[in-house]
Each structure stands twice: as structure tokens, then as C-alpha cells.
Q: 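Take this structure, written in C-alpha cells, and hold onto it; I'll ask about it next.
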Amino acid sequence: MTYRKLNRGDVVEFQRLRLFGLRESPAAFGSSFEESSVLSRQSFESMLDFSDADGAVQGAFDGGRLVGVGGLKRETRLKEKHKGIIWGLYVDPEFRNRGVAREIMQRLVEQARAMTDLVFVKLTVLASNEPAKRLYEKLDFIKFGCEPKALLIEGKLFDEDYMLLALEPEKSAGELAAAAGAARS
Ligand SMILES: CC(C)(COP(=O)(O)OP(=O)(O)OC[C@H]1O[C@@H](n2cnc3c(N)ncnc32)[C@H](O)[C@@H]1OP(=O)(O)O)[C@@H](O)C(=O)NCCC(=O)NCCS
């Protein structure tokens with residue numbers, strides 16, 4: 001298995017795996033196969049087009065075949081640029097339970113830590129998606145909320161959990177302590 005950041009040149013494999021995943025695990029994603037399958041090749045290319053300062057899509061390859069993928073992107077609005085979003089984590093069923101998703105997530109978190117002024121990364125996960133939630137918890141993500149009935153898929157409603165990983169807990173704790181000290185003085 002090889003791991004690397006995807007670029008526009010990987011668009012054919014990325015589009016194939018993304019559409020396969022949306023069809024195979026529809027409840028795992030906010031995006032739908034129906035809407036994504038009619039998107040242009042350029043739309044998929046644009047999902048891979050990031051500067052390192054704003055995120056990345058990481059992929060796992062078995063030879064030339066993309067078998068795992070996950071993305072990180074910085075929020076774009078001025079008041080939200082301190083937040084990163086993890087999106088689209090998916091591993092081909094044939095390659096599950098071998099640590100592929102863990103490696104992809106570790107790479108995304110490593111990159112998030114290297115991104116200037118990023119304070120935390122967050123993600124949404126189906127409340128009933130125990131495999132994914134266990135993975136995120138092992139990587140120190142914590143749940144901070146739940147949106148009831150967040151997704152409507154084939155007539156069924158699903159709750160989603162919100163999770164986040166603080167990127168600089170020591171610094172945040174220090175800043176809080178300093179702020180508390182300033183308030184006392
Ligand atoms: C969730 C998913 C990405 C996990 O991928 P994977 O490569 O099989 O995961 P890994 O082998 O890296 O497992 C890492 C950890 O995840 C958890 N995990 C993975 N699969 C699990 C399962 N079937 N049951 C329980 N925990 C599981 C475990 O904590 C595991 O650590 P461990 O091996 O030390 O027990 C994969 O099942 C998938 O693509 N599912 C469909 C799409 C999806 O749900 N994406 C997440 C959207 S939020």
C-alpha cells in the first residue's frame with residue numbers, strides 16, 4: 001500500500017472511488033450518488049485542487065488503484081478560517097480492517113497541525129457509524145454535538161454526530177489561563 005497526496009492528475013481514480021463509495025455506503029456521506037454522478041470531471045478536479053495551506057486529499061493506492069481516500073479543507077470565510085473540515089473518508093470494502101483509514105486520518109491530522117492558524121478540525125459522522133466513530137475517538141476526536149434527523153436517505157432519517165480535534169491543546173489551555181489571569185488583574 002502506498003499513501004500520498006492526490007492531485008488533479010488522479011482525478012479519474014478519485015472520481016471512480018468517490019462514486020463507488022457514495023453508492024456502496026450512501027448513509028456515510030452528506031453528498032449523494034445521484035447528485036455527484038452528474039458532476040463534470042472538472043468538478044472532481046476542483047475537489048483535488050488545494051494549496052497545502054488550505055488542505056489536501058490523501059489517498060491509499062494498491063498499485064495504480066486508489067483504494068482509500070480522505071480530505072481536509074480549511075473553511076474559506078474570514079471568520080471561519082481557523083477551522084478545518086475532514087470530509088469524504090472512504091476505504092474500498094476489500095481493503096478494510098488493515099489500518100488504511102487510520103493512516104489516511106493520521107496524515108490529514110499531521111497536515112492540519114502544519115497549517116498556519118488552524119485551531120481545530122471537525123467532522124460529521126452518522127451517529128450509528130460505530131467503526132468510523134471508534135477510529136476518530138482513537139485519534140482523540142471528541143463529540144461536541146448531535147444533529148437529530150440530519151440526513152434523509154431513501155425515506156429514512158439519520159442522526160449525525162459532530163466531532164472535533166483540538167490541534168494545539170497546550171497552547172489553548174495556556175491562552176485560557178493567561179486570559180483568566182488578565183481578567184483577575
Ligand atoms: C470507516 C472506515 C473508513 C474504516 O476504514 P478501515 O480502513 O477499515 O479502518 P482501519 O482498518 O484503519 O481501522 C482503524 C480503527 O477504526 C475502527 N474500526 C474500523 N473498522 C471497524 C469495525 N468494523 N468495527 C469496529 N471498529 C472499527 C477501529 O478502532 C480500528 O482500530 P483497531 O484496528 O485498532 O481496532 C471504512 O469502514 C469505510 O470506508 N466505511 C464506509 C464509509 C464511512 O463510513 N466513512 C466515514 C464517514 S464519516
Side-chain angles (χ1 to χ4, degrees), residues 1-6 10-37 39 44 47-48 50 55-75 83-113 118 120-167:
M1 197 70 62
T2 54
Y3 296 86
R4 64 172 173 80
K5 187 180 160 192
L6 302 188
D10 297 305
V11 67
V12 173
E13 275 299 282
F14 172 68
Q15 183 172 2
R16 178 193 61 72
L17 185 64
R18 173 97 180 143
L19 293 179
F20 178 84
L22 289 172
R23 188 136 57 168
E24 188 269 327
S25 297
F29 303 104
S31 301
S32 66
F33 175 79
E34 291 79 353
E35 289 165 318
S36 300
S37 60
L39 293 177
F44 284 91
M47 294 166 79
L48 301 176
F50 285 98
V57 180
Q58 285 284 341
F61 288 87
D62 179 49
R65 176 179 165 199
L66 184 66
V67 299
V69 71
L72 163 71
K73 67 174 176 197
R74 185 194 289 277
E75 290 276 24
K83 297 187 275 191
I85 311 280
I86 300 274
W87 61 273
L89 181 68
Y90 183 76
V91 174
D92 185 313
E94 271 183 57
F95 291 83
R96 288 186 189 162
N97 302 309
R98 303 184 194 184
V100 173
R102 182 198 299 273
E103 179 66 29
I104 289 170
M105 281 297 297
Q106 281 171 339
R107 285 167 177 257
L108 294 176
V109 168
E110 193 179 320
Q111 168 146 16
R113 289 190 194 286
L118 213 59
F120 64 85
V121 285
K122 65 178 185 172
L123 56 84
T124 54
V125 56
L126 207 71
S128 59
N129 190 345
E130 290 303 329
K133 284 167 64 173
R134 205 162 300 170
L135 166 64
Y136 300 142
E137 281 161 8
K138 281 192 173 170
L139 294 170
D140 296 329
F141 281 75
I142 53 166
K143 176 179 161 179
F144 68 93
C146 176
E147 183 179 351
K149 302 179 176 42
L151 297 180
L152 175 65
I153 303 165
E154 293 172 2
K156 279 192 184 165
L157 290 162
F158 295 86
D159 297 349
E160 273 194 322
D161 285 350
Y162 289 78
M163 301 184 82
L164 70 75
L165 175 71
L167 295 172

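Atoms within a ligand are numbered from 1 in the order they appear, just like the ligands themselves. All values below were derived from every heavy atom in this structure, side-chain atoms included, with hydrogens, water molecules and symmetry-related copies excluded. Numbering starts at 1 and runs along the sequence shown.
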Q: Side chains of L6 and F61, heavy atoms from C-beta outward: is any pair under 4.5 Å?
A: yes
Q: If you have a sec, work out which protein heavy atom is nearest atom 31 (O) of ligand 1 and how many Å separate them, to one decimal?
A: R102 NH2, 2.9 Å
Q: Please state which protein non-hydrogen atom is closest to atom 47 (C) of ligand 1 and give its distance, to 0.1 Å?
A: A28 O, 3.6 Å
Q: Do the side chain of R16 and the main chain of R65 share a donor and acceptor less than 3.5 angstrom apart?
A: no
Q: Check each heavy atom of W87 against ligand 1 and say whether those closer than 4.0 Å belong to the side chain, the backbone, both or neither.
A: neither
Q: Would you find a donor on one side and an acceptor on the other, under 3.5 Å apart, between the side chain of R96 and the backbone of V91?
A: yes
Q: Is any N or O atom of V125, backbone or side chain, closer than 3.5 Å to an N or O atom of ligand 1?
A: no
Q: Is there a polar contact between ligand 1 and V91, counting only N or O atoms under 3.5 Å apart?
A: yes
Q: Could you tell me the residue and atom name of the protein heavy atom closest to atom 25 (C) of ligand 1, and the distance to it rounded to 0.1 Å?
A: R134 NH1, 3.4 Å
Q: Could you tell me the residue and atom name of the protein heavy atom closest to atom 11 (O) of ligand 1, and the distance to it rounded to 0.1 Å?
A: G99 N, 2.8 Å
Q: In the protein, what heavy atom is nearest to atom 48 (S) of ligand 1, and what distance, to one decimal place, separates them?
A: Y136 OH, 3.2 Å
Q: Out of A132, P93, P131, who gets a non-hydrogen atom closest to atom 17 (C) of ligand 1?
A: P131
Q: Return the residue, atom name and 0.1 Å-rounded distance of the protein heavy atom closest to atom 46 (C) of ligand 1.
A: L89 O, 3.6 Å
Q: Near E130 CD, under 6.0 Å, is it more than 12 heavy atoms from other residues, nucleotides or ligands?
A: yes
Q: Taking both backbone and side-chain atoms of N97, is any N or O found less than 3.5 Å from an N or O belonging to ligand 1?
A: yes
Q: Regarding atom 15 (C) of ligand 1: of the candidates D92, N129, L135, V69, which has the closest heavy atom?
A: L135
Q: For atom 34 (O) of ligand 1, decide whether some protein heavy-atom distance is shorter than 4.0 Å.
A: yes
Q: Would you call E130 a ligand 1 contact, heavy-atom distance under 4.0 Å?
A: no
Q: Are the side chain of E160 and the backbone of A150 linked by a donor-acceptor contact shorter than 3.5 Å?
A: no
Q: I'd like to check which ligand 1 atoms, numbered from 1 as shown, lie under 4.0 Å from a non-hydrogen atom of R98.
A: 11 (O)
Q: Backbone N or O of M105 within a donor-acceptor pair of the Q58 side chain at under 3.5 Å?
A: no
Q: Can T124 be said to touch ligand 1, with heavy atoms closer than 4.0 Å?
A: yes
Q: What's the shortest distance from atom 7 (O) of ligand 1 to any protein heavy atom, and which residue and atom give it?
A: A101 N, 3.0 Å
Q: Okay, side chain of S37, backbone of E34: is any donor-acceptor separation there less than 3.5 Å?
A: yes
Q: Would you mind checking if E137 and K133 are paired as a salt bridge, meaning a charged N to carboxylate O distance below 4.0 Å?
A: no
Q: For the pair Y90 and F29, name the ring-plane relationship: parallel under 30°, tilted 30 to 60°, perpendicular over 60°.
A: tilted
Q: From the options K138, R96, E160, select the one whose nearest heavy atom is closest to atom 29 (O) of ligand 1.
A: K138
Q: Indicate yes or no: at least one non-hydrogen side-chain atom of E110 is less than 4.5 angstrom from one of R113.
A: no
Q: In terms of relative ring orientation, are Y136 and F141 parallel, tilted or perpendicular, with 30° and 60° separating the classes?
A: tilted
Q: Does F95 reach ligand 1 with a nitrogen or oxygen that is under 3.5 Å from one of the ligand's nitrogen or oxygen atoms?
A: no
Q: Using a strict threshold of under 4.0 Å (side-chain N to carboxylate O), is an ion pair present between E13 and R4?
A: no
Q: Applying a heavy-atom cut-off of 4.0 Å, say which part of S25 lies close to ligand 1: side chain, backbone, both or neither.
A: side chain
